[in-house]
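Worksheet: the structure to be examined is printed underneath.
Within every chain, numbering begins at 1; the chains are lettered A, B, ... in the order of the sequence lines, protein sequences first and strands thereafter. Here the structure is a predicted model, which is why all the values come from computation and not from measurement.
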Amino acid sequence: MVKNSLHWAHNCTTQHNPPPFQPKGPSILATNLIKSYFDKGLIKEARMLFDEMPERDVVAWTAMIAGYASCNHHARSWVVFCEMMRKSKENPNAFTMSSALKACKGTNSLSCGGLVHGLAIKLGIVGCIYVDNVLLDMYAACCVTMDDAYLVFQEIHEKNDVSWTTLIAGYTHRGDGYTGLQAFKKMLSEESEANAFSISIAVRACASIGSHTCGRQIHASVVKHGFESNIPVMNSILDMYCRCSCLCEANQCFHGMTERNLITWNTLIAGYEKSNSHESLYIFSRMECEGFSPNCFTLSSVMAACANLAVLSCGQQVHGSIVQRGLDGNLALANALLDMYAKCGNIVDSHQIFTEMSLRDLVSWTSMMLGYGSHGYGKEAVELFDEMVMSGIRPDRIVFMAVLSACSHAGLVNEGLSYFKSMIGDYNITPNQEIYGCVVDLLGRAGRVKEAYELIEGMPFKPDESVWGAFLGACKAHRLPNLGKLATKRVLDLGPNVTGTYVMLSNLYAADGKWGEFAKMRKLMRGMGSKKEAGRSWVEVRNQVCSFVVGDKMGAHIEWVYGVLDMLILHMKEEAEYVPPDLHCSTYDVAERT
DNA sequence: ATAGGGTTAG
């Protein structure tokens, strides 16, 4: 009774005569502090303060929801939103909604996002540009198509820069750079001027469709409008040149930048990784000299470069550095590591990384299967594929390619064919040139050349060089020069880039002992002035990678190479009565594919 | 007091 009347008295005084220095209700100070804790990444401190607040209003709740979302703790952000819906007497406002929708986007949860959308309509807070823009973003990120996102976009009465950028990013991030660029052009023609945000994503769109022509145009307008000092804009231009294989321009761009951040370096390192891994590692060392500390992105490109160069000891050093920095829980890095060990010939460590991973994605499984396949463990790769499907991961075209090529190398023809059928029938994946190439290779290696030919004839599109190349390989292996000749004719019909085909055909004649035809073909090739780069092999001797071609007699440290090769041959002989070809004086295989 | 878009890894 006393308590009740006191409570009443308290309410009475605050309502009629509010004391100026003791504001009732939740502390504005505490809410401010929660936000600044999150800004500094002090998540636990923010939570503790929030838990200690005796009263929480919408603003305090929203600060928590927004804080978690901004620190990429999207699931927690959503939990707090749900808690607020149960406990708070106040309704969420537009601020709350946009934060909650950001969390839905972050957890990729369309159902939650739809729920919030419905609630926003019920409470009458759609039409607020902040809410509409993030709704657009959520639908763009969570839906299979852009249809719903575009509906939201159309409904926005006064579209601003953010609406346009979000729309363009929606198309571009799902790989439809073409529509993204169209939207960018529409934005320019309709109302808005380009800003740094829309330019960055438009340049990304150019990169994704491989159009350095469009990219260069936007680069020119960047110079004209004075965006050259904006680092994200310049980073995306740098990335565009790298992805379009314009490494000269990329270099110019990089050196012209007055200010660089870690992403700038990462972009260049990743840009060089595929085409020039040596240079990529050199850029990495320069980056460290200039005082930048590598992160997950840097190290995964560096690891890929080590894998390409097959420098095991280097890769192991980077592995050490990853553990040292506490980054060994990173999924992409673990994927890069297992790929590196496999490509450096160390399938045991590769598999160990795979087993120790607490989380695996499609890339992890694919890399492990490719590793198994290239080491001749076809059966293990097939088992891994089934295990992956059992664990609930839906295979894509690339993982099918991995398992098909593993089957092909291990002679598991019927298994491979059944995966090919399952890919089309169960997963609705239409085979492309590479997949057909794999299946032709699968049949061809097993000597089922006629079936391979029938498969090619039944393809719904024109087979390219890779498909005919696989077929030619089979003709050579099974000594079918006439069929090979026919296949060669078909490749030559395709266009001018055919040096590899001549090499294969000439080797086909050689394998069949038709030295006259062989010589004729080689003469023809010399006349064309074309050169196919010789396939190289390599061994690591005393921490050095020694690379050589078949029949090499004058490479650096060639005596080491032959020493290792002799040792390998000895091992093989002991293992399986293997009879090696005469490696030291191979005459016709100089430019053979490896 | 609380909310928005852009750049890097297979």
Euclidean distance, atom [atom1] of residue [X] to atom [atom2] of [N] [Å, nearest integer]:
X: M234(A); N: dT7(B); atom1: CE; atom2: P; value: 16 Å
X: H173(A); N: dT7(B); atom1: NE2; atom2: P; value: 4 Å
X: L268(A); N: dT8(B); atom1: CG; atom2: P; value: 14 Å
X: H74(A); N: dG4(B); atom1: NE2; atom2: P; value: 11 Å
X: I125(A); N: dG4(B); atom1: CD1; atom2: P; value: 15 Å
X: N235(A); N: dG6(B); atom1: CG; atom2: P; value: 15 Å
X: L262(A); N: dT7(B); atom1: CG; atom2: P; value: 16 Å
X: M240(A); N: dG6(B); atom1: CE; atom2: P; value: 19 Å

request  = Look only at the side chain of S280(A) and the backbone of N276(A), and say whether a donor-acceptor pair between them is shorter than 3.5 Å.
outcome  = no
With heavy atoms under 4.0 Å as the rule, sort [X] into base, sugar-phosphate or nothing.
X: A270(A); value: sugar-phosphate
X: N133(A); value: base
X: A66(A); value: sugar-phosphate
X: I129(A); value: base
X: N330(A); value: base
X: N195(A); value: base
X: N93(A); value: base
X: V233(A); value: base

Would you state whether a donor and an acceptor, one from the side chain of [X] and one from the base of [N], lie under 3.5 Å apart?
X: T165(A); N: dG5(B); answer: yes
X: D57(A); N: dA1(B); answer: yes
X: S99(A); N: dA3(B); answer: no

OP1 or OP2 of [N] versus the side-chain N and O atoms of [X]: is any pair under 4.0 Å?
X: K102(A); N: dA3(B); value: no
X: K105(A); N: dG4(B); value: no
X: R243(A); N: dA9(B); value: yes

message = Could you tell me if S321(A) and R325(A) have a donor-acceptor pair between their side chains, going purely by distance under 3.5 Å?
response = yes
query = Are the side chains of D161(A) and S198(A) in touch, meaning some heavy atoms are under 4.5 Å apart?
reply = no
ask   = Does the side chain of M234(A) come within less than 4.5 Å of T264(A)'s, by heavy atoms?
value = no
What nucleotide among [options] has an atom nearest to a side-chain atom of [X]?
X: F297(A); options: dG5(B), dA9(B), dA3(B); result: dA9(B)
X: F197(A); options: dT2(B), dG6(B), dA3(B); result: dG6(B)
X: R204(A); options: dG4(B), dT8(B), dG6(B); result: dT8(B)
X: C128(A); options: dA3(B), dG6(B), dA9(B); result: dA3(B)
X: V59(A); options: dA1(B), dT8(B), dG4(B); result: dA1(B)
X: N230(A); options: dG6(B), dA3(B), dT8(B); result: dG6(B)
X: N266(A); options: dG4(B), dT8(B), dA3(B); result: dT8(B)
X: I263(A); options: dA9(B), dG6(B), dT8(B); result: dT8(B)

query = If we require ring centres under 5.5 Å and near-parallel planes under 30°, does Y130(A) stack on dA3(B)?
reply = yes
request  = Kindly state each residue pair satisfying ring-ring contact (aromatic ring centres under 6.0 Å, His included) with at least one member in residues 38-76 of chain A, sequence neighbours excluded.
outcome  = F38(A)-Y68(A), F50(A)-W61(A)
All side chain to side chain contact (heavy atoms under 4.5 Å, CB included) counterparts of I398(A), not counting sequence neighbours = T366(A), D396(A)
message = Taking the basic N atoms (NZ, or NE/NH1/NH2) and the acidic carboxylate oxygens, is any pair closer than 4.0 Å for E190(A) and K159(A)?
response = no
